[in-house]
> 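My structure is below; once you've seen it, I'll send some questions.
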Amino acid sequence: MGTAGTEHEATVGDRRQLINVAYRLLGSLTEAEDAVQEAYARWYALPRGRQEETVSPGAWLTTVTGRVCLDVLGSARARRERYVGAWLPDPLPAHAERDGYGADPADPADQMVLDESVTMAFLVVLESMTPAERVAFVLHDVFRYPFAEIAGILRRTPAACKQLAASGRRRVRDARTRATPAGQADVVRQVKAAWERKDIAALVDLLDPAAVMTADGGGRAGAVLRPIEGGGRIAPYMVAIADKAPGLELLERSVNGAPGLVARRDGVVVTVAAFDLAEGRVSRIWVVRNPEKLRPWVG
């Protein structure tokens, strides 16, 4: 086997790609960074001869990262059953909206490529997949890895991996958002205005009758523990929050690459809300209040 990789090549060129893969597989920036660090630790632990004979250090690191993520996903269900309230993926800010802060190559949030595969709606669908489905679908459909390589990660045949990816693809297709970014921005702007006016009737008009709001406080911030179902229940709840939280500043911000809202108090981000639309009305609202998940949001 010919020599094609060195330790330097394996550490410089691949971290951004690996962080992007791991975040989509896990939905957590912290867990994604830990998975990538574990992959690099295993690379550095290899004898020098093994490193030099590795044709593609990047492919080796991807395989190890994928296997680490698969193990994490396998234990995630039990951990999330102990989580206080609903668990939601970590919300990501747009790089340009991190007020006063330049990009930091060491910060995983600044390594993320913000596209359709990181929208909150997409990540929530990924959460419904089995670990093997998620790995096969994300690596093949999002990152275009061949099934032969995915088979090495999942320790299954390429044909089995193809079936897993197809199953994941069906889940995504069935839940596909129907809003354009421009259309979503307009509706989110109207939600912001109605919320600031404490206008329940206007909010009800903007919400799908079957809308669902899910909040993630993680036991570290006040949040409703169960999803609220129905636009007629969500609207008065939103107004009640406004009444109980004077001094909140509501801002239009990109959340995971899609139009969303951010609430600040005294310049500190305390809430991030992501939205999904169906036929021009808000069908899903995901509210993240757990401060551990808001670390990338500097204001």
Side-chain angles (χ1 to χ4, degrees), residues 85-86 88-101 109 112 114 116 118-124 177-208 211-218 221-224 227-228 231 233-278 280-299:
L88 292 174
D90 291 3
L92 297 175
H95 306 152
E97 293 177 356
R98 301 184 70 180
D99 299 345
Y101 288 72
M112 299 304 302
L114 300 179
E116 188 183 34
V118 295
T119 63
M120 192 64 71
F122 191 88
L123 292 174
V124 168
T177 180
R178 284 161 282 181
T180 64
Q184 181 161 324
D186 183 59
V187 173
V188 169
R189 188 172 300 115
Q190 293 178 60
V191 169
K192 173 181 180 290
W195 187 86
E196 290 173 331
R197 295 195 310 269
K198 302 180 183 179
D199 188 337
I200 292 178
L203 287 170
V204 169
D205 286 342
L206 291 165
L207 295 167
D208 188 285
V212 178
M213 171 187 280
T214 304
D216 178 348
V224 61
I228 301 176
R233 296 182 61 199
I234 295 171
Y237 177 79
M238 292 174 67
V239 170
I241 292 175
D243 287 334
K244 294 178 181 179
L248 278 184
E249 179 186 16
L250 207 58
L251 305 170
E252 295 176 48
R253 289 289 187 266
S254 172
V255 180
N256 288 61
L261 294 175
V262 167
R264 293 194 305 197
R265 178 182 285 114
D266 299 325
V268 177
V269 172
V270 295
T271 304
V272 173
F275 300 82
D276 196 23
L277 272 62
R281 303 175 85 179
V282 175
S283 60
R284 294 295 301 266
I285 306 175
W286 297 283
V287 179
V288 180
R289 302 204 68 238
N290 185 343
E292 293 294 319
K293 297 187 177 188
L294 299 181
R295 289 178 177 177
W297 298 81
V298 296

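Predicted model only: the values in this text are computed from it and were never measured. The chain is numbered in sequence order, starting from 1.
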> Just to verify, what does Arg189 make a salt bridge (Lys or Arg N to Asp or Glu O under 4.0 Å) with, not counting sequence neighbours?
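Arg189: salt bridge (Lys or Arg N to Asp or Glu O under 4.0 Å) contacts with Glu252.
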
> Should Phe275 and Leu261 be marked as a side chain to side chain contact (heavy atoms under 4.5 Å, CB included) after you check the CA-CA gap, both sets of side-chain angles, and the distance that decides it?
CA-CA 9 Å; Phe275 300 82; Leu261 294 175; 3.8 Å; yes

> Kindly write out the residues that satisfy salt bridge (Lys or Arg N to Asp or Glu O under 4.0 Å) with Asp216, not counting sequence neighbours, or none if the list is empty.
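With sequence neighbours excluded, Asp216 shows a salt bridge (Lys or Arg N to Asp or Glu O under 4.0 Å) to Lys293, given in chain and number order.
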
> Which heavy atom of Asn290 sits nearest a heavy atom of Gly218, and at what distance?
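Minimum heavy-atom contact is ND2-CA, 3.8 Å.
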
> Please identify each residue that fulfils side-chain hydrogen bond (donor to acceptor under 3.5 Å, both in side chains) with Asp199, with sequence neighbours left out.
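Residues passing side-chain hydrogen bond (donor to acceptor under 3.5 Å, both in side chains) with Asp199: Arg197.
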
> From Leu248 CG over to Asp266 CG, what is the distance, rounded to the nearest 0.5 angstrom?
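Taking CG in Leu248 and CG in Asp266, the distance rounds to 9.5 Å.
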
> Measuring from Leu294:CG to Thr271:OG1, what's the distance to the nearest 0.5 Å?
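Between Leu294 CG and Thr271 OG1, I get 7.5 Å after rounding to 0.5 Å.
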
> Of the non-hydrogen atoms in Pro91 and Val255, which two are nearest, and what is the gap between them?
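Heavy atoms only, the tightest pair is CB-CG1, 4.1 Å.
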
> Closest heavy-atom contact between Leu114 and Ala94?
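Smallest interatomic distance, heavy atoms only, reads CD1-CA, 3.7 Å.
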
> Quick one: closest heavy-atom pair of Leu206 and Val191, and the distance?
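So the two residues come closest at CD1-N, 3.6 Å.
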
> Minimum heavy-atom separation for Val188 and Pro259, please, with both atom names.
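Val188 and Pro259 have their closest heavy atoms at CG2-O, 3.8 Å.
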
> Return the minimal non-hydrogen interatomic distance between Leu250 and Ala263, and the atom names on each side.
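Answer, listing the atom of Leu250 first, then Ala263: CD1-CB, 4.0 Å.
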
> Do Asp276 side-chain atoms and Ser283 backbone N/O form a donor-acceptor pair below 3.5 Å?
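A pair under 3.5 Å: no.
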
> Verify, without hydrogens or angle tests, whether Arg281 (side chain) and Leu207 (backbone) share a donor-acceptor contact under 3.5 angstrom.
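Judged by distance alone, yes, a pair lies under 3.5 Å.
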
> Is it the case that the side chain of Arg265 and the backbone of Gly247 share a donor-acceptor pair, with hydrogens and angles ignored and the cut-off at 3.5 Å?
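Judged by distance alone, no pair lies under 3.5 Å.
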
> List in chain and number order the residues that pass side-chain hydrogen bond (donor to acceptor under 3.5 Å, both in side chains) with Asp208, two or more places apart in sequence or in another chain; answer none if no residue qualifies.
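With neighbours one apart ignored, the set is empty.
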
> Hey, could you give me the CG/CZ distance between Leu251 and Arg264, rounded to the nearest 0.5 Å?
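Atom-to-atom, Leu251:CG and Arg264:CZ are 4.5 Å apart.
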
> Checking Thr214 side chain against Pro227 main chain: does a donor-acceptor pair fall under 3.5 Å?
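No, the answer is negative, given that no donor and acceptor are paired below the 3.5 Å cut-off.
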
> How long is the span from the OG1 atom in Thr119 to the CG atom in Asn256, to the nearest 0.5 Å?
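The OG1 atom of Thr119 sits 7.0 Å away from the CG atom of Asn256.
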
> So do Trp297 and Val288 actually touch side chain to side chain, heavy atoms under 4.5 Å?
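Side-chain contact under 4.5 Å: no.
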
> Under the salt bridge (Lys or Arg N to Asp or Glu O under 4.0 Å) test, which residues partner Glu196, sequence neighbours left out?
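Once residues adjacent in sequence are excluded, the partners of Glu196 under the salt bridge (Lys or Arg N to Asp or Glu O under 4.0 Å) criterion are Lys192.
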
> In residues 233-246, what donor-acceptor pairs under 3.5 Å come from side-chain atoms, sequence neighbours left out?
{"residue": "Asp243", "atom": "OD1", "partner": "Lys198", "partner atom": "NZ", "Å": "2.8"}

